[in-house]
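To start, the structure under review is shown below, and the notes come after it.
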Amino acid sequence: LVITLENKTKGKLQKQICQVALDHFEKQYATELGEAWASVRDVLTYPSCWQYAILLNKFSPSAELENTLHVKGYHPAFPGSLPYLPASFKCYIRRTPGRFPAQKHQAGKLKEYYLLNAASLLPVLALEVKDGEDVLDLCAAPGGKSVATLQCAYPGQFHCNEYDDLRSRWLKQTIESFIPDPLINLIMVSKLDGRQIGDLKPELYDKVLVDAPCSNDRSWLFSSDIQQATLRLIQRKELPSLQFQLLRSAIKALRPGGSLVYSTCTLSKAENSNVINLILNSCSNVMPVDISEMAKAVSQEFTFLGGMQQHELLVLPEKGRAWGPMYVAKLKKM
């Protein structure tokens with residue numbers, strides 16, 4: 001049931017592909033993505049071609065680090081032509097795969113950078129947070145998007161929520177590693193059920209990010225536990241209902257005129273377009289927001305699935321642009 005990939009460069013055994021998950025995805029995505037699936041599958045099943053972006057932490061700037069990145073062939077991930085790109089938001093990538101060394105957690109010392117999949121910053125750039133706005137990150141762990149949001153602007157108040165106990169601890173640690181003392185007081189970390197936040201905090205926020213629990217295509221393909229993988233694939237059918245409920249809650253939490261971004265790291269239409277269409281058809285107070293200008297601006301670095309509507313995009317992993325999967329949709333409350 002498990003295929004082993006040989007790592008040509010080091011000759012050591014690589015992560016193992018979970019065949020149950022691959023078979024399951026094969027059936028669904030060959031249909032949904034058509035001919036794009038073959039190349040997407042090649043990237044997802046071959047970790048040594050994965051790329052990692054480097055998000056700099058403006059609260060712990062290092063000229064030496066920026067210099068090293070230039071020397072190593074890194075360039076800014078996002079072009080100045082983006083509709084929203086604060087000067088304080090700095091992210092670097094390079095064409096070749098590989099991973100910059102991670103920074104160890106040191107008590108009392110802020111980290112200088114965060115390693116991530118560059119596509120995971122698109123939801124933050126789509127949200128367009130401005131200074132003084134009240135922001136809710138509904139499903140915030142492990143914290144990369146919260147940290148990225150704080151590179152962009154200083155919210156009035158920033159509410160980071162994570163229902164899961166273990167992930168909530170991870171979120172707290174991430175925030176403490178990147179955000180300095182006075183600013184940390186603007187951040188409220190909670191462990192509420194995201195489905196209930198709309199009722200608990202109605203019309204309180206200008207911007208809401210719903211980076212929803214989803215089928216994590218990239219990591220599920222390397223599940224080492226066959227039973228866990230099988231269970232995940234069975235329970236996967238319940239995710240769209242949860243995602244829909246989280247979105248309903250987010251809409252309640254938004255002030256009229258406020259906007260929300262919904263994102264997942266799956267290719268699955270059931271968890272992406274279908275969920276958003278259901279919201280648009282059932283919530284009369286919500287309108288789609290066009291994000292095609294953002295997509296056009298970053299089309300040099302990201303590959304998108306064609307045929308999407310203007311309020312949504314889906315990043316398809318591709319060799320040399322191995323970012324994603326990442327689905328992003330933007331809505332506005334009337």
Side-chain angles (χ1 to χ4, degrees), residues 50-80 82 84-94 96 98-137 139-162 166-190 207 209 211 263 298 301 323:
W50 294 3
Q51 294 160 295
Y52 291 85
I54 297 165
L55 175 69
L56 300 192
N57 184 13
K58 71 174 180 186
F59 304 112
S60 182
S62 163
E64 191 189 352
L65 171 63
E66 287 203 60
N67 208 12
T68 303
L69 292 174
H70 287 302
V71 170
K72 287 184 182 284
Y74 282 84
H75 63 274
F78 299 100
L82 269 168
Y84 171 87
L85 188 72
S88 56
F89 179 88
K90 290 184 181 175
C91 177
Y92 287 91
I93 59 176
R94 63 175 177 184
T96 46
R99 188 175 193 150
F100 201 73
Q103 267 184 309
K104 297 270 181 287
H105 178 70
Q106 289 177 283
K109 207 168 174 257
L110 292 181
K111 291 188 179 183
E112 291 172 1
Y113 59 90
Y114 193 108
L115 294 180
L116 38 63
N117 186 315
S120 67
L121 295 170
L122 293 174
V124 173
L125 294 176
L127 196 58
E128 303 192 346
V129 172
K130 299 181 179 55
D131 287 349
E133 288 183 328
D134 295 325
V135 182
L136 166 64
D137 187 349
C139 318
K145 292 180 181 69
S146 298
V147 166
T149 301
L150 290 163
Q151 303 305 313
C152 293
Y154 295 98
Q157 67 154 315
F158 192 23
H159 181 179
C160 300
N161 181 69
E162 178 55 52
L166 188 67
R167 288 173 64 84
S168 175
R169 286 207 288 277
W170 193 6
L171 169 65
K172 273 204 176 84
Q173 190 181 14
T174 302
I175 289 171
E176 282 163 14
S177 304
F178 285 89
I179 310 304
D181 229 349
L183 186 66
I184 239 170
N185 302 329
L186 291 180
I187 305 169
M188 178 173 101
V189 179
S190 67
K207 301 277 165 77
L209 176 63
D211 185 42
S263 58
V298 298
E301 299 293 352
W323 319 113

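All values below come from the heavy atoms of this structure, side chains included, with hydrogens, waters and symmetry mates left out. Numbering of residues begins at 1 and proceeds along the displayed sequence.
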Return the [atom1] to [atom2] distance between [X] and [Y], rounded to the nearest 0.5 Å.
X      : Y      : atom1 : atom2 : answer
Ser120 : Asp211 : OG    : CG    : 8.0 Å
Gln51  : Arg99  : CD    : CZ    : 13.0 Å
Glu128 : Leu85  : CD    : CG    : 11.0 Å
Phe78  : Leu121 : CZ    : CG    : 4.5 Å
Thr68  : Glu66  : OG1   : CD    : 10.0 Å
Leu127 : Leu125 : CG    : CG    : 9.5 Å

N/O donor-acceptor pairs under 3.5 Å from side chains in residues 177-188, not counting sequence neighbours:
from, atom 1, to, atom 2, distance (Å)
Ser177, OG, His105, ND1, 2.9
Ser177, OG, Gln173, O, 2.7
Asn185, ND2, Pro182, O, 3.4

Heavy-atom closest contact ([X] atom, [Y] atom, distance):
X      : Y      : value
Cys160 : Ile175 : SG-CD1, 4.1 Å
Cys152 : Phe89  : SG-CD1, 3.4 Å
Asp137 : Ser146 : OD2-OG, 2.7 Å
Gly143 : Leu171 : CA-CD1, 3.7 Å
Pro155 : Ala153 : CD-O, 3.3 Å

Can you tell if the side chain of [X] reaches within under 4.5 Å of the side chain of [Y], non-hydrogen atoms only?
X      : Y      : value
Lys207 : Lys130 : yes
Ile93  : Trp323 : yes
Tyr84  : Val129 : yes
Arg167 : Pro142 : yes
Ser263 : Lys145 : yes
Asn67  : Ser62  : no
His70  : Tyr92  : yes
Leu56  : Pro61  : no

[X] (side chain) donor-acceptor with [Y] (main chain) under 3.5 angstrom:
X      : Y      : answer
Gln103 : Tyr113 : yes
Arg94  : Lys72  : yes
Asp134 : Gln157 : yes
Glu162 : Ala141 : yes

Over 12 foreign heavy atoms within 6.0 Å of CH2, Trp170
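Not more than 12 within 6.0 Å, no.
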Decide side chain to side chain contact (heavy atoms under 4.5 Å, CB included) for Val135 and Leu209; before the verdict, give the C-alpha distance in whole Å, the side-chain angles of both, and the deciding distance to 0.1 Å.
CA-CA 8 Å; Val135 182; Leu209 176 63; 6.0 Å; no
For Asn161, which residues count as a side chain to side chain donor-acceptor pair (under 3.5 Å) partner, sequence neighbours excluded?
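Asn161 satisfies side chain to side chain donor-acceptor pair (under 3.5 Å) with Ser190 only.
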Geometric cation-pi criterion, Lys58 with Tyr154: 6.0 Å, 45°
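Yes, cation above the ring, under 6.0 Å and within 45°.
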